[in-house]
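Beneath this line is the structure, given in structure tokens, with notes to follow.
As a basis for the values below, the full set of heavy atoms in this structure was taken, side chains included, without hydrogen atoms, waters or symmetry mates.
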Amino acid sequence: MRSRSPWSWPLSSILLGCTLATTLSLGSQGLLTATAQEPILRTLTVTGQGRESVQTTLTQVDLGVEVNGREAEQVQQQVAQRTAAVVELLRDRNVDKLETTGIQLYPQYDYDNGQADIIGYRGSNTVRFRIATDAAGPLIDQAIAAGANQIQGIQFVATDEALATARQSALREATEDAQQQANTVLQVLNLGPQEIVSIQINGAETPMPIPLPRQARLSAAEADVSTPVVGGEQTVEARVTLQIRY
């Protein structure tokens with residue numbers, strides 16, 4: 001079958017093709033013009049900060065039992081007996097979050113002329129618990145009398161309820177701070193906020209417990225009076241970032 005020359009096509013077909021090409025061309029130009037005329041989204045990003053302090057009412061204590069001896073089995077048995085007495089006392093006092101944090105038994109060596117000889121063993125057991133700060137000092141003294149011979153750490157913490165309330169307050173302060181910053185900037189520029197595009201909470205974490213300085217721990221353990229324990233404050237910090245269209 002022979003192909004027809006374009007010169008033999010009907011005039012109506014040629015005109016229809018030109019019309020379609022023109023329409024497509026105008027449509028593309030219209031799309032580009034509409035895209036170019038879309039308004040640019042103008043936004044302002046601000047970060048507000050909030051801080052709330054809460055009084056600590058609990059004391060977290062790390063108590064240890066350490067024993068030295070010549071035989072490993074004998075050392076371990078003494079550690080177990082003394083630790084059991086300490087744990088029984090703590091349970092009787094209804095302490096919170098009682099847990100074992102470490103158990104160790106290792107040999108001790110005497111190095112002579114490049115030769116290492118085992119001369120004994122050292123064993124230890126460490127427990128951690130929480131109790132009301134005003135009761136911590138007397139309980140530490142009682143635990144030492146029951147068999148503990150190490151105070152490895154003391155930290156002050158607030159209750160979970162108090163920390164949760166402080167987090168909410170810190171977030172509220174951070175949000176208000178961000179809003180005030182945005183309003184100030186926009187007012188100076190004679191602009192006004194329209195809507196909040198995005199909200200990001202950057203942090204409202206539980207703060208670390210406040211440790212008692214080591215020197216204070218040692219002097220308290222060596223004192224011939226009831227161990228004084230005085231708490232402090234924990235600070236909860238929060239940051240909120242707002243992206244505002246204007």
Are there more than 12 heavy atoms of other residues, nucleotides or ligands under 6.0 Å from atom [atom1] of [X]?
X    : atom1 : result
Q194 : CD    : yes
R245 : CZ    : yes
E73  : CD    : no
E195 : CD    : yes

Just by distance, no angles: are the side chains of [X] and [Y] close enough, under 3.5 Å, to form a donor-acceptor pair?
X    : Y    : answer
T126 : T101 : no
T57  : T133 : no
E66  : S124 : no
R239 : Q200 : no

| task | Without swapping roles, check the side chain of Q55 against the backbone of G232 for a donor-acceptor pair under 3.5 Å. | result | yes
| task | Examine distances only and state if a side-chain atom of Q108 and a backbone atom of G120 form a donor-acceptor pair shorter than 3.5 Å. | result |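 Flag not set: sc Q108 to bb G120 has no pair under 3.5 Å.
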| query | Given the rule in the side chain to side chain contact (heavy atoms under 4.5 Å, CB included) test, do V75 and N68 qualify, once you have shown the distances and angles that lead to the verdict? | reply | CA-CA 6 Å; V75 169; N68 295 293; 6.0 Å; no
| query | Can you tell me how far the CG atom of N94 sits from the CZ atom of F129, to the nearest 0.5 Å? | reply |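 Answer for the CG-CZ pair, N94 versus F129, is 12.5 Å.
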| said: Would you compute the distance between atom CG of L63 and atom CD1 of I151 and round it to the nearest 0.5 angstrom? | reply: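 CD1 of I151 is found 6.5 Å from CG of L63.
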Report yes if the side chains of [X] and [Y] come closer than 4.5 Å at any heavy-atom pair, otherwise no.
X    : Y    : answer
D92  : E88  : no
Y121 : P107 : yes
I119 : D110 : yes
I131 : D96  : no
V240 : L171 : yes
Q243 : I196 : no
V95  : L139 : yes

| request: Can you see which heavy atom on A174 is nearest to which on A238, and at what distance? | output: CB-O, 3.7 Å
| Where do Q234 and L163 land on the side chain to side chain contact (heavy atoms under 4.5 Å, CB included) test, with the steps shown first? | CA-CA 9 Å; Q234 283 183 284; L163 289 174; 4.0 Å; yes
| said: Suppose the criterion is side chain to side chain donor-acceptor pair (under 3.5 Å): which pairs have a residue in residues 170-193, not counting sequence neighbours? | reply: D177-Q181
| Stepwise side chain to side chain contact (heavy atoms under 4.5 Å, CB included) test for I154 and T59 | CA-CA 7 Å; I154 293 180; T59 299; 3.5 Å; yes
| said: Test side chain to side chain contact (heavy atoms under 4.5 Å, CB included) on Q150 and V65; report intermediate values, then the result. | reply: CA-CA 6 Å; Q150 289 185 333; V65 172; over 6 Å; no
